[in-house]
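In this chain, numbering begins with 1 at the start of the sequence shown.
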Amino acid sequence: MNACRLLLFDLDGTLLRSDKTISIRTLEVLQKYRNAGILIGVSTSRSELNALSFVEELRPDVLIASGGALVKYHDEYIYRAEFSAEETRRMIAEAREVCGNDCEITIDTIDAHYWNYKIDPKKQDKSWGDSVYTDFADFQESSLKMCVEIFDEQQAVRLGEKLYDCDSIRFSDGYWYKFTKKAATKENAISQISAVCGIGTDEMTAFGDDYADIGMLQLCGRGIAMGNAINEVKEKADLVIGSNDEDGIAEYLEDSFSYNK
């Protein structure tokens, strides 16, 4: 494997600890890598604005947001996979037809994160920041991603069949499924970055913990699973390190610094 030129991190369950912060030790070792000329990237299912609220100190060179629907290199958007307003309304209607009119839905747009939760998520988890409540009755925005809470696996299958032109994947920490454009995946986003930055995927090291990270870990030169990752991720990874609450990333990078330069 070539020396690493880009470190790429999922957020929740990976770079972020359970309290949704990045440890000082991790920030310090990442700065050490940056000083050595290695790019730092974040790859998350969170929206751009929400993700950036967690990584202000990190100042990532690369940002993959909304599960791969939005890619940013420094301050420039290099990839954007949006559903039109009409397509977004159709997706919401299909979700309600399959899962019931009261199913909970979130929508990422380029500027905001919308939700129709019965209970304000910000009262349960402040990390959702400036989410906007809507009943989606007459939603007029184009979107990057839709998530739907689906408790019945058969309903999830049916909705996936109806939205056949979408990439769909479940998050392991609940009953939420994300729907993006078919090509809007973390691994496709990495290919976009590779083309723009001139960095081969074999020169990238990726870290993750959930289903949406598997393709990313397999594509990059080295794919690393967190100790808290689901088994499916651990089985596909090249290496399993300590958990997100045990400074697993910092410990690995400290030990690997001379190798990765």
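Between the side chain of Asn116 and the main chain of Ile105, a donor-acceptor pair closer than 3.5 Å is present. Put simply, the side chain of Lys145 never gets that close to the backbone of Gly67: no donor and acceptor are under 3.5 Å apart. Counting only distance, with no hydrogens or angles, the side chain of Asn188 and the backbone of Gly68 share no donor-acceptor pair below 3.5 Å. Listed for the Tyr114 side chain is no donor-acceptor partner under 3.5 Å among the backbone atoms of Phe139.
The pair Glu48-Arg80 does not count as a salt bridge, with every side-chain nitrogen at least 4.0 angstrom from each carboxylate oxygen. Under the 4.0 Å criterion applied to side-chain N and carboxylate O atoms, Arg25 and Glu254 are assigned as salt-bridge partners. Using a cut-off of 4.0 Å between Lys/Arg side-chain N and Asp/Glu carboxylate O, Asp167 and Lys178 are scored as salt-bridged. Between Asp61 and Arg34 there is a salt bridge, since at least one side-chain N of the basic residue sits less than 4.0 Å from a carboxylate O of the acidic one. With respect to Lys20 and Asp12, a salt bridge is recorded, a charged nitrogen being found less than 4.0 Å from a carboxylate O.
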**OP:** Just do the side chain to side chain donor-acceptor pair (under 3.5 Å) check on Asp19 and Thr21 with the steps written out, would you?
**Re:** CA-CA 6 Å; Asp19 65 0; Thr21 64; 2.6 Å; yes
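When all heavy atoms of Trp176 and Cys147 are compared, the closest pair comes out as CZ3-O, 3.6 Å. A pairwise comparison of heavy atoms in Gly198 and Glu203 identifies O-OE1, 4.4 Å as the closest pair. Of all non-hydrogen atoms in Ser142 and Thr109, the two that sit nearest each other are O-CG2, 3.3 Å. Shown here for Ile230 and Ser172, the closest heavy-atom pair between the two residues is CG2-OG, 3.4 Å.
Heavy atoms from other residues, nucleotides or ligands lying under 6.0 Å from OH of Tyr133 number more than 12.
Here the straight-line distance linking atom OG of Ser45 with atom CG of Asp108 works out to 9.0 Å at 0.5 Å rounding. Taking NZ from Lys181 and CD from Glu82, the interatomic distance works out to 9.5 Å, rounded to the nearest 0.5 Å.
In this structure the side chain of Tyr77 reaches within 4.5 angstrom of the side chain of Ile110, judged on heavy atoms. Residues Ile150 and Cys103 are not in side-chain contact: their nearest non-hydrogen atoms beyond the backbone lie 4.5 Å or more apart. Gln155 places none of its side-chain heavy atoms less than 4.5 Å from the side chain of Leu159.
Of the listed residues (Asp209, Asn244, Asp210), just one forms a side-chain hydrogen bond (donor to acceptor under 3.5 Å, both in side chains) with Thr14, and that residue is Asp209. When the options Lys182, Met91, Glu94 are evaluated for a side-chain contact (heavy atoms from CB on, under 4.5 Å) with Cys166, the one that passes is Met91.
Relative orientation of the Phe207 and Tyr252 rings is perpendicular, given thresholds of 30° and 60° on the angle between their planes.
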